[in-house]
Number of protein chains: 2
Amino acid sequence: MIENSQARKVSSESNQSQTLYVGSLEKGFRVLEAFRDGPGDLGLTEIAARTGLDKSAAQRFTNTLQQLGYLEKDPRSRRYRPAVRLMDFAYTYLQHDQLAEIAMSRLIEASKIFGTTVNLCVLIDTAIIYTVRIPHEKASFPATVPGRRMPAFCTAGGTVILAYRSREEAEAVIDASDRTAITDKTVTDRTAVMERIAEARDRGYGIGIGQALPNEISVAAPVLDNRGRAIAAVQIPAYMPQWTPQEAREKLAPLAMETARSISGMLRPTE
Amino acid sequence: MIENSQARKVSSESNQSQTLYVGSLEKGFRVLEAFRDGPGDLGLTEIAARTGLDKSAAQRFTNTLQQLGYLEKDPRSRRYRPAVRLMDFAYTYLQHDQLAEIAMSRLIEASKIFGTTVNLCVLIDTAIIYTVRIPHEKASFPATVPGRRMPAFCTAGGTVILAYRSREEAEAVIDASDRTAITDKTVTDRTAVMERIAEARDRGYGIGIGQALPNEISVAAPVLDNRGRAIAAVQIPAYMPQWTPQEAREKLAPLAMETARSISGMLRPTE
DNA sequence: CCCATAAGTATTATATTGTAATACTTTTTG
DNA sequence: CAAAAAGTATTACAATATAATACTTATGGG
């Protein structure tokens with residue numbers, strides 16, 4: 001007998017719903033999520049281990065996902081990997097994202113000014129997630145991929161979004177964050193992080209030097225709704241030694257701010 | 001009493017599995033897929049209509065997907081829309097895609113030569129799906145979004161991939177395709193389409209002029225595995241009148257071919 | 001402005017569907 | 001080559017998903 005286990009987050013409004021919740025669906029997604037952690041194919045046993053499902057369940061969901069076309073199975077190794085069909089979801093999301101639509105052409109323009117990569121990111125839980133990327137240099141592969149998550153607390157995008165949210169919200173996010181250092185320069189101290197957020201607010205842009213990658217400078221400016229609340233950030237990475245922090249502040253920060261402002265101005269009013 | 005309905009495709013190898021198939025998972029994905037067709041939020045009733053689920057089922061799956069964070073609900077209108085979290089799947093897929101990883105830097109380089117957009121696409125069923133996009137001009141928004149599908153039969157990418165598959169496979173795909181014209185120049189006739197595929201094979205690249213968009217020229221070259229079979233295509237769009245078909249053939253086609261060849265050469269041998 | 005209709009929400013009894021135990025086969029590895 | 005591990009198939013069981021229905025909230029035409 002299995003206890004109902006895993007306390008499930010219950011949405012704030014209107015909730016009787018244990019009975020309107022389909023647990024099987026959650027389990028299916030858990031299997032897909034198991035592939036998010038790292039590259040490499042997974043065997044049945046490893047999937048079971050990562051998801052907390054038993055072997056039978058892993059078998060069933062894995063099989064179902066394969067039949068649906070979301071997983072591929074290598075008949076030799078009998079291991080699974082994500083299938084192209086998953087890309088449908090990116091399209092589904094982006095097609096509905098008014099922000100991405102407005103931003104796209106402006107991000108492309110911005111990327112041409114100095115020939116840099118330009119990204120759009122939004123906050124989700126304690127992370128930022130890149131929704132649109134206009135890559136211009138060969139950074140590490142994961143850094144060029146849409147859908148990539150990074151911790152909000154140590155990224156320029158994350159800090160500048162929090163800078164344009166309420167103090168309470170910013171603190172809540174920082175407190176909920178796993179603030180493990182990524183590089184030896186990553187600022188993890190709560191007060192210091194809050195300080196960086198305050199700075200971002202003062203300057204109108206966030207900047208991180210070697211926070212997430214040793215040789216990376218990252219600047220980001222907020223996309224604001226009509227109440228002045230950040231809903232996203234335009235982020236521009238630059239790499240040392242080609243760029244210096246000062247150059248980034250003088251050239252890239254204004255570009256990010258101008259681009260973000262232009263996007264903000266086009267948003268259809270919330271409410 | 002509901003008949004077991006919807007004859008389900010049964011995977012070719014090893015199949016007893018009605019019992020290893022979780023129908024609820026399929027229904028959940030059907031709900032997400034309902035959002036793929038077009039932009040705009042959906043209400044419960046419309047979701048039920050599009051998915052073929054009854055109101056209760058739509059209610060259950062919609063609620064579950066919302067709790068999982070894949071759908072958002074507007075409390076005012078009580079309508080649903082895709083949530084950012086769907087972008088996770090793009091990352092999950094791309095992170096595991098050796099091809100995308102190899103291709104990325106080369107596509108970026110290629111895009112700089114003439115300042116054009118450069119895409120990577122793969123075949124899925126009768127469609128191509130863009131997995132990597134390096135956008136350089138403001139085309140229509142959907143045309144810049146990864147995960148976008150287009151019919152294989154009328155795209156340069158689709159025809160050139162089929163050109164480097166077996167004749168049987170190419171015919172099977174064309175026959176299975178819904179060959180509705182997209183522009184007034186779209187070639188839909190079976191023989192004519194097969195002819196275009198043969199031409200692509202002869203020249204080493206595919207080209208379409210106004211096939212999918214009135215003023216678009218599209219060229220594409222095949223990425224080949226070690227047996228000479230196409231696994232993807234490098235596709236470059238150009239727009240008239242800035243580009244003429246002849247210029248595209250002389251400049252963009254060679255660029256696409258060179259880029260595709262370079263990617264092919266880096267693939268770890270299949271098998 | 002108000003009524004009629006449609007859309008969305010909540011509840012519950014029922015059995016279909018998902019479950020997990022187990023035995024079997026294939027692969028890996030020491 | 002033996003032993004263990006990984007993957008596959010089968011089945012009896014009941015927990016979970018289901019769909020009918022009653023209820024509440026919105027919408028739009030007269």
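Relative to the side chain of Ser56(A), the nucleotides dA21(C), dA10(C), dA17(D) differ in distance, and dA21(C) lies closest.
Nearest-nucleotide positions on DNA chain D for Ser24(A) and Tyr80(A) put Tyr80(A) closer to the 5' end.
Applying the ring pair (Phe, Tyr, Trp, His ring centres under 6.0 Å) test to pairs two or more places apart or on separate chains, none has a residue in residues 160-182 of chain A.
Contacts with DNA chain D (heavy atom under 4.0 Å) in residues 32-41 of chain A: none are found.
Here dA5(D) presents its P atom at 19 Å from CD1 of Ile47(A), a figure rounded to the nearest Å. Across the protein-nucleic acid pair, Gln59(A) atom CD and dT19(C) atom C1' stand 12 Å apart, rounded to whole Å. Atom CG in Asn63(A) sits about 15 Å away from atom C1' in dT19(C), given to the nearest Å. Here the P atom of nucleotide dA20(C) and the CZ atom of Arg60(A) are 6 Å apart, to the nearest Å. What separates CZ of Arg76(A) from C1' of dA6(D) is a distance of 17 Å, to the nearest Å. Atom-to-atom, CG of Leu20(A) to C1' of dA19(D) comes out at 12 Å; the value is rounded to the nearest Å. Atoms CZ (Phe61(A)) and C1' (dG7(D)) sit 18 Å apart, rounded to a whole Å. What separates CG of Leu25(B) from C1' of dA17(D) is a distance of 14 Å, to the nearest Å.
When the side-chain contact (heavy atoms from CB on, under 4.5 Å) test is applied to Lys55(B), no partner is found at least two apart in sequence or on another chain. A search for side-chain hydrogen bond (donor to acceptor under 3.5 Å, both in side chains) contacts involving Arg79(A) returns nothing, not counting sequence neighbours. The salt bridge (Lys or Arg N to Asp or Glu O under 4.0 Å) test applied to Arg81(A) returns Asp41(A), Glu72(A), not counting sequence neighbours. Residues satisfying the salt bridge (Lys or Arg N to Asp or Glu O under 4.0 Å) test with Arg165(B), not counting sequence neighbours, are Glu169(B). Checked against side-chain hydrogen bond (donor to acceptor under 3.5 Å, both in side chains), Ser262(A) has the following partners two or more places apart in sequence or in another chain: Arg106(A). By the side-chain hydrogen bond (donor to acceptor under 3.5 Å, both in side chains) test, Tyr80(B) pairs with Lys73(B), sequence neighbours left out. Contacts of Asp175(A) classified as side-chain contact (heavy atoms from CB on, under 4.5 Å), with partners at least two apart in sequence or in another chain: Glu171(A), Arg190(A). For Gln59(A), the side-chain hydrogen bond (donor to acceptor under 3.5 Å, both in side chains) test picks out no residue, with sequence neighbours left out.
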Check: protein-nucleotides 5-8 of chain C nitrogen or oxygen pairs below 3.5 Å:
| unit_1 | atom_1 | unit_2 | atom_2 | d |
| --- | --- | --- | --- | --- |
| dG8(C) | OP1 | Leu44(B) | N | 3.0 |
| dG8(C) | OP2 | Leu44(B) | N | 3.1 |
| dG8(C) | OP2 | Thr45(B) | N | 2.6 |
| dG8(C) | OP2 | Thr45(B) | OG1 | 2.6 |
| dG8(C) | O3' | Arg78(B) | NH1 | 3.4 |
| dG8(C) | N7 | Lys55(B) | NZ | 2.9 |
| dG8(C) | O6 | Lys55(B) | NZ | 3.3 |

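For Asp125(B) (side chain) and Ala127(B) (main-chain N/O), no donor-acceptor pair under 3.5 Å exists by modelled atom type.
Side-chain contact, Thr180(A) with Asp178(A): a donor N or O sits under 3.5 Å from an acceptor N or O.
Direction of the helix axis in the helix from dC1(C)-dG30(D) to dG30(C)-dC1(D) shifts by 60° between the two five-pair termini, rounded to 10°.
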